[in-house]
Amino acid sequence: MSNSSPRVVIIGAGIVGANLADELARLGWTNTLVLEQGPLTIPGGSTSHAPGLVFSSNPSKSMTEFAQYTIEKLTSLTGPGGKGSFLPVGGLEIATKPERLHDLERRAGWNRAWGVDAEVIDAEECLRRFPMLNPEMVLGGLFTPGDGLALAAQGTQLVIARAQAAGVEFRDRTVVTDIEHSGGKVSAVIAGDERFPADIVVSCAGFWGPKIGAMADTPIPLLPLAHQFAWSTEVPSLEGKNELPKGASAPILRYQDEDLYYREWGERIGIGSYAHRPMPVDLDTLPQYSPDEITDERMPSSLTFTPEDFAREWEISQEILPELAQTQIQRGFNGIFSFTPDGGSLVGQSRNVDGFFVAEAVWVTHAAGVAKAVAELIAHGHSETDLSGLDLNRFEDIQTAPEYVSETSQQNFREIYDVLHPLQPRVSPRDVRMSPFNAQQRELGAFFLEAAGWERPHWYEANAALLDELPEEWRAPERDDWANQFHSPIAAVEAWKTRTNVAMYDMTQLKRFEVKGPGAGRLLHGLTTSSMLRKPGAVSYTLLLDEAGGITSDITVAILDEETYQVGANSNIDLAYITRAAKRQTEEDPSQWVTVRETTPGTCCIGLWGPRARDVIAAVSDDDLSDEGLKYFRTKQISVAGIPVTAMRLSYVGELGWELYTSADLGHRLWDVLWEAGQEFGIIAAGREAFNSLRLEKGFRSFGTDMTSEHEPEQAGLGFAVKASKTDDFVGKAALADRAAGTTKRLTCLTLDEPSDIVLGKEPVYVADGASKDASAEANGGSEDSATRADGYVTSAAYGYTIGKAIAYAWLPNTLGVGDAVEIEYFGRRVPATVTAEPLYDPEMTRLRG
Ligand code: FAD
Ligand code: THG
């Protein structure tokens with residue numbers, strides 16, 4: 001076996017690299033070499049000094065599952081004396097402020113949504129679980145019984161031993177100095193004067209990642225930051241309580257109101273702090289130790305403790321844990337680890353160099369889970385758990401620039417424990433990417449939020465003038481304070497005008513690229529679920545699948561001419577995927593060459609939608625845009641007041657109209673022309689809040705939120721996008737039938753019984769008693785803790801102005817039927833909702849086709 005699998009070289013034997021070698025071996029890939037610069041027994045990276053707290057609560061389902069897998073795996077890795085590498089002491093996040101206490105209910109909801117036990121407990125119960133806490137200060141806490149402490153160093157040594165036994169080679173004291181690649185493919189790893197041939201290279205170099213990335217032309221958007229950790233001297237009440245030197249029995253503790261966390265450490269308390277100033281680290285100034293000099297106290301990832309940065313934190317620690325006043329700080333260090341622009345990990349294959357993968361900015365908490373997923377990705381091309389939220393290629397180029405990475409990562413360090421609304425935008429940098437309509441949007445009082453670096457209007461204050469005219473039936477009830485953030489009642493006006501009149505939407509930030517060449521059709525035909533060998537003018541809504549039939553994106557493809565296809569996609573991940581496939585096809589058959597060129601930044605797009613869209617365009621274009629002139633889901637070139645425009649007849653808001661594309665330089669003028677022509681018809685500009693509400697009324701899914709690679713098309717309600725008549729092969733086709741037959745969950749449309757109940761997404765959903773649950777839901781929730789384990793979770797939610805109801809889509813057992821009752825848990829409160837037939841708006845499609 002060991003010589004038949006591809007040659008893999010892993011850089012770094014921290015907890016991520018070691019687990020990856022082990023997980024690959026478990027999949028039968030043992031032709032692996034791990035290179036580590038430090039000594040294998042104590043390599044000296046972040047893992048070597050990690051205090052090992054594993055808190056599972058996380059807004060991401062994937063990250064929560066990775067934490068659960070890490071806990072499971074570490075528990076099974078038994079060291080000397082038969083002890084596992086995980087101490088299940090439980091986790092406790094305390095609140096000392098009412099806003100925090102309220103937010104703990106939301107966090108508990110994430111846990112339950114993802115199938116993990118969690119409970120909000122009162123102050124008394126917090127004190128019972130963690131007796132050192134100050135009773136005067138604690139209001140309550142979130143208790144997660146399955147959390148605890150990873151013995152990261154021990155666990156890493158044990159997986160190394162297991163991987164070695166399976167045939168994996170580890171070479172320590174070997175500094176990787178270069179990565180050999182040519183023609184966009186990796187071929188070897190260089191360490192000084194040694195060369196290690198490789199088919200696949202995986203950088204698991206932790207915060208050294210950017211250095212390794214640079215060797216393979218791959219920018220790694222992470223910033224190494226120092227973070228303080230200190231130990232008290234012995235605490236009287238802990239005497240004899242825990243095993244020495246590092247044992248613990250009380251839960252790991254987070255004091256997020258002050259950016260601090262704690263764990264018992266034998267008879268001492270270990271304290272971690274995010275409260276200090278961000279301390280970026282220049283990799284070229286790291287302490288240099290020879291491998292023989294590395295010890296627990298002395299390693300390259302550990303900088304000298306700066307007590308002045310800890311002074312206030314020490315005082316605060318003595319307030320929350322008063323017994324610490326009887327102790328001193330025994331020792332501390334400034335330990336280095338990775339932060340990223342959005343706080344997430346970096347996983348996946350390089351866009352520039354095939355065969356070069358990374359798995360970095362991964363916490364101990366998620367390490368084994370991420371390693372398993374990356375092993376699957378490498379060995380099978382896809383992973384069981386959705387990786388799109390961690391994908392290295394999710395960032396725009398500007399977001400991988402060191403300046404951007406530095407600023408945003410430092411901001412994430414500051415905000416790590418803040419209570420953040422899901423729509424909360426970054427404060428800085430802003431105005432990074434702006435559409436050509438930005439000036440007009442500002443004039444209309446646009447309220448901007450940021451996405452992928454773009455400034456996107458969420459609503460326009462100018463439309464507030466229409467609030468008085470808003471008919472009663474379009475008005476939404478008051479919402480709670482939380483749902484009221486980043487919301488404006490103006491969205492109701494914008495939805496109303498879109499449905500009854502006409503509105504302009506800025507669609508510029510829609511990721512798009514041109515696939516061009518004699519092989520363009522063949523390429524896309526093999527990658528999508530629809531026929532791409534159609535005549536110019538055709539537009540398709542279609543899916544990208546992985547080999548297991550999981551959805552990796554939903555895209556639109558417009559055939560502009562025989563050799564030019566315009567793809568409307570979801571992110572850079574799609575661009576990277578299709579670019580790689582194009583390169584491969586071109587290499588294999590040069591006569592079927594294809595190029596892929598991103599056109600997002602050089603072009604712009606206005607969605608002109610609403611029943612009067614045709615009146616507006618007729619005033620400025622002589623082209624035939626009647627039903628005959630341009631049918632639904634067709635495209636053609638038109639002229640709008642002399643501006644060359646690609647018009648596509650489709651609408652994510654579900655109304656008559658077109659996406660109108662032109663080059664960026666002409667965008668400003670296109671907006672003005674349409675705006676002026678629209679005045680006599682009462683045109684408005686409308687923003688993302690209305691947009692999101694309208695698309696949910698129409699049942700249009702949003703990739704990454706509503707469905708991911710964990711879902712096949714049928715269960716996601718997208719079976720219609722897989723053309724049954726397509727006899728040719730496409731990626732994922734072979735797996736579809738079996739996969740669909742095995743599903744038990746379905747993306748389900750819910751309406752909330754009370755219109756004033758607005759949920760936001762990621763809430764747990766419970767099937768009400770009496771409704772038909774399936775067997776797997778029983779198995780999941782049938783135990784004594786059934787009260788806290790959910791049957792599913794909300795993906796997207798919004799108030800539907802047209803239908804006068806709040807909407808939520810949720811993954812739920814597919815045995816539920818229309819009319820069945822469920823409950824959504826929103827900040828600890830059960831909100832009643834009902835399974836409803838979809839789409840909620842215009843199921844006959846008269847608006848779009850008419
Ligand atoms: P590392 O352990 O850093 O491994 C990378 C390896 O790559 C290193 O061994 C390094 O020597 C090697 N390497 C780098 N460059 C080269 C090269 N050129 N050639 C050869 N080898 C190379 N996480 C938690 O989940 N819970 C916690 O409580 C927690 N607390 C923390 C507290 C502190 C003070 C710090 C600093 C971090 C903490 N973390 C915690 C984060 C956690 O430690 C890291 O995220 C995790 O250990 C990263 O593992 P890794 O394998 O990616 O990186
Ligand atoms: N416009 C364009 N491309 C896109 C989007 C877009 N690509 C990414 C993302 N959005 C894709 N999402 C959708 C979702 C639904 C539809 C279009 C894009 C849509 N669906 C019709 C329906 O479900 O009734 C499809 C009908 C059909 O297949 O004929 O319109 O907004 N350019």
Side-chain angles (χ1 to χ4, degrees), residues 10-20 34-38 40 42-55 67 70 149-150 152 156 171-177 189 191 203-209 211-212 215 225-229 252 261 263 270 272-273 283 294 299-302 333-338 345 359-367 370-371 507 510-512 530 539-542 553-558 566-571 574 605 607 632-633 648 650-654 659 661 691 695 698-703 717-718 720-721 839 845 848:
I10 295 173
I11 303 166
I15 192 164
V16 176
N19 272 286
L20 177 59
V34 183
L35 299 176
E36 167 58 53
Q37 63 189 6
L40 205 52
I42 175 160
S46 306
T47 305
S48 299
H49 59 55
L53 290 82
V54 176
F55 281 100
T70 304
L149 287 160
T156 303
R171 280 272 303 253
D172 66 355
R173 298 160 195 255
T174 305
V175 182
V176 170
T177 50
V189 174
S203 180
C204 300
F207 65 80
W208 284 274
K211 271 198 170 265
I212 306 287
M215 299 171 191
L225 284 174
H227 151 59
Q228 289 198 304
F229 194 85
I252 53 173
Y261 66 84
R263 60 158 288 185
S273 168
L283 290 178
I294 296 179
M299 55 178 86
S301 62
S302 175
F333 69 107
N334 293 2
I336 308 168
F337 73 126
S338 309
S345 298
E360 284 158 350
V362 178
W363 286 27
V364 163
T365 303
H366 310 111
V370 168
M507 296 292 288
L510 179 89
K511 189 83 185 176
R512 56 196 171 279
S530 316
V539 180
S540 314
Y541 171 68
T542 187
S553 193
D554 65 335
I555 62 174
T556 58
V557 183
Q566 179 171 326
V567 174
N570 283 298
S571 78
D574 301 336
C605 179
Y632 184 52
F633 264 80
M648 277 179 216
L650 65 104
S651 165
Y652 201 60
V653 301
E659 292 180 346
Y661 296 87
F691 184 84
R695 70 106 182 159
K698 197 71 192 74
F700 289 164
R701 277 71 171 139
S702 175
F703 178 79
L718 295 173
F720 71 88
M845 300 286 282
L848 281 160

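Below, all heavy atoms of this structure are taken into account, side chains as well, without hydrogens, waters or symmetry copies. Indexing begins at 1, ligand by ligand and atom by atom, following the structure's order.
Counting only heavy atoms from C-beta outward, the side chains of Y652 and S702 approach each other to under 4.5 Å. Counting heavy atoms from C-beta outward, S301 and H49 have side chains that approach closer than 4.5 Å.
A distance limit of 4.0 angstrom between heavy atoms and ligand 2 selects the residues M507, L510, Y541, D554, T556, G568, A569, N570, Y632, F633, L650, Y652, E659, Y661, F700, F720, M845.
Below 3.5 Å of separation, one finds an N or O of V364 facing an N or O of ligand 1. For ligand 1, the polar-atom distance check against F229 finds no nitrogen or oxygen pair separated by under 3.5 Å.
In terms of protein heavy atoms, atom 25 (O) of ligand 1 is closest to T365 OG1, 2.6 Å. For atom 11 (O) of ligand 1, the closest non-hydrogen atom of the protein is E36 OE2, 2.6 Å. For atom 40 (C) of ligand 1, the nearest non-hydrogen atom of the protein is A50 CB, 4.5 Å. Taking atom 28 (O) of ligand 1 as the reference point, the nearest protein heavy-atom neighbour is L53 N, 2.9 Å. Protein heavy atom at the shortest distance from atom 46 (C) of ligand 1 is V362 O, 3.5 Å. The nearest protein atom to atom 4 (O) of ligand 1, hydrogens excluded, is given as G14 CA, 3.5 Å; this is a heavy-atom distance. Among all protein heavy atoms, the one lying closest to atom 1 (P) of ligand 1 is S46 N, 3.6 Å. V176 N, 2.9 Å is the protein heavy atom nearest to atom 19 (N) of ligand 1.
When heavy-atom distances to ligand 1 are checked against a 4.0 Å cut-off, F207 has no atom that comes that close, whether in backbone or side chain. Contact annotation for H49 and ligand 1: only side-chain heavy atoms (C-beta onward) come within less than 4.0 Å of the ligand. Contact annotation: for T177 versus ligand 1, there are no heavy atoms closer than 4.0 Å. When non-hydrogen atoms are compared, ligand 1 lies under 4.0 Å from the backbone of W363 as well as from its side chain. At a heavy-atom cutoff of 4.0 Å, ligand 1 is contacted by the side chain of I212 but not by its backbone.
When atom types are taken as modelled, the side chain of T174 and the backbone of E36 share no donor-acceptor pair closer than 3.5 angstrom. Side chain of T47 to main chain of G14: no donor-acceptor pair is present (N/O by atom type, distance under 3.5 Å, no hydrogens or angles). No donor-acceptor distance shorter than 3.5 angstrom exists from the side chain of S553 to the backbone of I555, with no hydrogens or angles considered. At distances below 3.5 Å, not a single donor-acceptor pair connects side-chain atoms of E659 with backbone N or O atoms of C605. No donor-acceptor pair closer than 3.5 Å links the side chain of N19 to the backbone N or O of A367. Under the 3.5 Å distance criterion, the side-chain polar atoms of R701 are matched with a main-chain donor or acceptor of G699. When atom types are taken as modelled, the side chain of R263 and the backbone of L53 share no donor-acceptor pair closer than 3.5 angstrom. Of the possible polar contacts, one joining the R695 side chain to the F700 backbone as a donor-acceptor pair under 3.5 Å is found.
In summary, the atoms of ligand 1 found under 4.0 Å from a heavy atom of G335, numbered by their order in the structure, are 36 (C). Atoms of ligand 1 lying under 4.0 Å from at least one heavy atom of T174, given by number and element, are 19 (N), 20 (C). Of all atoms in ligand 1, listed by their number and element, those nearer than 4.0 Å to a heavy atom of G52 are 27 (C), 28 (O). Atoms of ligand 1 found under 4.0 Å from any heavy atom of G12 (numbered from 1 in listed order, with element): 6 (C), 7 (O), 12 (C). Residue-ligand proximity, I336 to ligand 1, at heavy-atom distances under 4.0 Å covers atoms 36 (C). Ligand-side atoms of ligand 1 in range of V175: 19 (N), range being under 4.0 angstrom from any heavy atom.
Nearest residue to atom 53 (O) of ligand 1 from G206, S345, P51 is G206 (criterion: closest heavy atom). Nearest to atom 5 (C) of ligand 1 by heavy atom, out of A18, G44, C204, A226, is C204. Remark: among candidates K211, H227, R263, the nearest residue to atom 33 (C) of ligand 1 is H227, based on non-hydrogen atoms. For atom 41 (C) of ligand 1, the nearest non-hydrogen atom from the set Y261, F55, F337 comes from F337. The option with the heavy atom closest to atom 17 (C) of ligand 1, from among R173, Q37, H366, is Q37. Of the options V189, T47, N334, I11, the smallest heavy-atom separation from atom 49 (O) of ligand 1 is shown by T47.
A donor and an acceptor atom, one from each side chain of S345 and H366, are nowhere located under 3.5 Å apart.
Ring to ring, H227 and F333 are not that close: their centroids are 6.0 angstrom or more apart. Ring centers of Y541 and F633: at least 6.0 Å apart, outside the cut-off.
Nearest approach of I294 to G44, heavy atoms of both residues: CG2-CA, 4.3 Å. Heavy-atom minimum distance, I10 versus C204: CG2-SG, 3.9 Å. Minimum interatomic distance between W208 and L283 (heavy atoms only, all atoms of both residues): CA-CD1, 4.1 Å. The shortest heavy-atom contact between L510 and G568 is CD2-CA, 4.3 Å. Of all non-hydrogen atoms in Y261 and S273, the two that sit nearest each other are CE2-N, 4.3 Å.
Checked against side chain to side chain donor-acceptor pair (under 3.5 Å), S530 has the following partners two or more places apart in sequence or in another chain: T542.
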